[in-house]
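Below is one structure, written out as structure tokens, with a few remarks after it.
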2 protein chains.
Amino acid sequence: MTVSKTASDAVRPQRSLRREPVDPAGDDGMLQLGELSGLLGYSLKRAQLKVFEDFLRCVAPLQLTPAQFSVLLLLDKNPGRNQTEIANTLGILRPNFVAMLDALESRDLCARMRSANDRRSHILVLTDRGRAVLARAKKLVANKHEARLIEVLGPANHAALLEMLAKLAQEF
Amino acid sequence: MTVSKTASDAVRPQRSLRREPVDPAGDDGMLQLGELSGLLGYSLKRAQLKVFEDFLRCVAPLQLTPAQFSVLLLLDKNPGRNQTEIANTLGILRPNFVAMLDALESRDLCARMRSANDRRSHILVLTDRGRAVLARAKKLVANKHEARLIEVLGPANHAALLEMLAKLAQEF
DNA sequence: TATTGTTATACTCTATAACTATA
DNA sequence: TATAGTTATAGAGTATAACAATA
């Protein structure tokens, strides 16, 4: 270690004498982010947390997480698929998908059924209740969640943002 | 439950007879994402994972995670701050920040020192080694990580993306 | 009494190996 | 032998309560 073990004055020298508004952040008050502001990954992560938080708020009446919503959407659009196919598409590892499905199935939102062709695999289907919940969830997401995003960003920016994120998710 | 317990034909009816390229995804091959493509949170999450993955690759020689890098950056830009201030700024809870600092301090990248003013708080400082590692990390991030992002998106899009994400992280 | 750093703890996500039943 | 679903497990990340030292 090369730093002295007692700081305060050593670290911020003649600060107690003059109060120069040299930078936006005073000695107290908000800290300077520095090049953190220019780090895409940093803003990406913080934005993602905010967006998921808002998603949960908007869909709270239906008690669905973003991940659960994505599963229901995918089952609806892709009938006749098995667990591995759905999990892979969503980037969920098969072992971790088991508990997720257990939760959805225990709420009677979807069901596993043995495939007649290959008795190893479970064909996943939405139940009537699953379809109903999905329909209500879609409305909440569109009218509350996405609507708020579009309101904050503006429709054109929202579309541009979506396009860029999709590009990163695929090509990067 | 309202669905029959054996599927296959029930779920995808006359598929074995005709092969109509009705939609981009065949019976096998990639699944249809449906409105998942329009869900900002979904692309946001997948993009974030990709970007963090690339960050880890680029900074691998220095063995720094995005979170650790952000701590070093913040310590450098904000000397004389204590654990609570740094943790709060990064959205890290104080109890969870303890182990993070232990790891950084055990590698001699930063040091805690008792404040002379308030003997409860630990002033955080970068060590010489910490400053050196941070300098190298900044170069790797700029020349490899961010460079690749700018290459994929284009400079104008990269700037626009950063601006929108920062806006979401703050105002949303 | 309030605050700083800390411990303990728990819950979620994620990741890997190995088992079973089928193929 | 290989694959689908599963179990067990371990590791991150995140969250809350409570304690000791200090204010």
Side-chain angles (χ1 to χ4, degrees), chain A residues 6-8 28 41-42 44-46 48-50 52-53 55-56 63-71 75 80-106 110-125, chain B residues 5-8 28 31 41-42 44-46 48-50 52-53 55-56 63-71 75 80-106 110-125:
Chain A
T6 312
S8 121
D28 16 78
Y42 179 73
L44 199 47
K45 176 74 174 181
R46 310 243 13 188
Q48 184 258 312
L49 290 173
K50 287 285 198 91
F52 269 43
E53 200 180 292
F55 182 100
L56 286 172
Q63 285 286 93
L64 284 182
T65 66
Q68 289 174 322
F69 179 67
S70 70
V71 170
L75 293 191
R81 299 297 190 156
N82 65 25
Q83 297 185 197
T84 299
E85 291 172 313
I86 299 294
N88 283 342
T89 301
L90 293 175
I92 302 171
L93 292 171
R94 275 67 76 217
N96 299 332
F97 194 47
V98 174
M100 259 197 85
L101 271 186
D102 288 347
L104 293 175
E105 201 173 16
S106 75
C110 71
R112 297 155 154 115
M113 40 183 78
R114 288 267 167 217
S115 165
N117 317 325
D118 184 341
R119 292 179 39 74
R120 289 173 302 182
S121 58
H122 291 168
I123 301 304
L124 299 178
V125 294
Chain B
K5 257 309 182 189
T6 312
S8 117
D28 15 77
L31 278 69
Y42 179 73
L44 199 46
K45 176 73 175 180
R46 311 252 358 198
Q48 184 258 311
L49 291 173
K50 287 285 197 91
F52 269 42
E53 200 179 292
F55 182 99
L56 286 172
Q63 285 286 92
L64 284 182
T65 66
Q68 290 174 321
F69 179 67
S70 70
V71 170
L75 293 191
R81 299 298 190 157
N82 64 24
Q83 296 185 196
T84 299
E85 291 172 313
I86 299 293
N88 282 342
T89 301
L90 293 174
I92 303 171
L93 293 171
R94 274 68 75 216
N96 299 332
F97 195 47
V98 173
M100 259 197 86
L101 271 186
D102 288 347
L104 292 175
E105 201 172 16
S106 75
C110 71
R112 297 155 155 114
M113 40 184 76
R114 288 266 168 218
S115 164
N117 317 325
D118 184 342
R119 293 179 38 74
R120 288 172 303 182
S121 58
H122 290 169
I123 301 304
L124 299 178
V125 293

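Lettering follows sequence order; numbering is per chain, from 1.
Between Arg120(B) and dA21(D) there is no side-chain N or O to OP1 or OP2 distance below 4.0 Å. Remark: Thr84(A) is in phosphate contact with dG5(D), judged by side-chain N or O atoms under 4.0 Å from OP1 or OP2. Between Arg119(B) and dT3(C), a side-chain N or O to OP1/OP2 separation shorter than 4.0 Å is absent.
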For this session: Could you please spell out the steps behind the side-chain contact (heavy atoms from CB on, under 4.5 Å) verdict for Gln83(B) and Arg94(B)?
Result: CA-CA 7 Å; Gln83(B) 296 185 196; Arg94(B) 274 68 75 216; 5.8 Å; no
For this session: Run the numbers on Leu124(A) and Cys110(A) for side-chain contact (heavy atoms from CB on, under 4.5 Å), then give the verdict.
Result: CA-CA 7 Å; Leu124(A) 299 178; Cys110(A) 71; 5.5 Å; no
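Not one N or O on the side chain of Arg114(B) forms a donor-acceptor pair closer than 3.5 Å with the backbone of His122(B). Asn96(B) contributes no side-chain N or O that, together with a main-chain N or O of Ile92(B), makes up a donor-acceptor pair within less than 3.5 Å.
Comparing the end axes of the helix from dT1(C)-dA23(D) to dA23(C)-dT1(D), each fitted to five base pairs by superposing C1' atoms of four pairs onto the next four, gives an inter-axis angle of 10° (nearest 10 degrees).
The distance from atom CZ of Arg94(B) to atom P of dA18(D) is 17 Å, rounded to the nearest whole Å. At whole-Å resolution of the value, CZ in Phe97(B) and P in dA15(D) are 16 Å apart. Here the C1' atom of nucleotide dG13(D) and the CZ atom of Phe52(B) are 12 Å apart, to the nearest Å. Taking atom CG of Asn117(A) as the reference point, atom C1' of dA21(C) lies 17 Å away to the nearest angstrom. In this structure, Met113(A) atom CE and dA4(D) atom C1' are separated by 17 Å, rounded to whole Å. Here the C1' atom of nucleotide dA4(D) and the CD atom of Glu85(A) are 11 Å apart, to the nearest Å. Distance, Leu124(A) CG to dG5(D) C1': 11 Å, rounded to whole Å. In this structure, Leu101(B) atom CG and dT4(C) atom P are separated by 15 Å, rounded to whole Å.
Nucleotides of DNA chain C nearest to Pro95(A) and Pro95(B) differ in position, and the one nearer the 5' end is that of Pro95(B). Projected onto DNA chain D by closest heavy-atom contact, His122(A) and Ile92(B) fall at different nucleotides, the more 5' of which corresponds to His122(A). Both Gln83(A) and Leu49(A) lie near DNA chain D, and the one whose nearest nucleotide falls closer to the 5' end is Gln83(A).
Side-chain polar atoms of Arg112(A) and Asn82(A) form no donor-acceptor pair below 3.5 angstrom.
Here dA23(D) is the nucleotide among dT6(D), dG5(C), dA23(D) with the atom lying nearest to any side-chain atom of Asp118(B).
Taking only distance into account, the side chain of Asn96(A) meets the base of dA15(C) through a donor-acceptor pair shorter than 3.5 Å.
Here the closest heavy-atom approach between residue Phe97(B) and residue Ile86(B) is recorded as CZ-CG2, 3.7 Å. When every heavy atom of Leu64(B) is checked against every heavy atom of Phe55(B), the shortest pair comes out as O-CE2, 3.8 Å.
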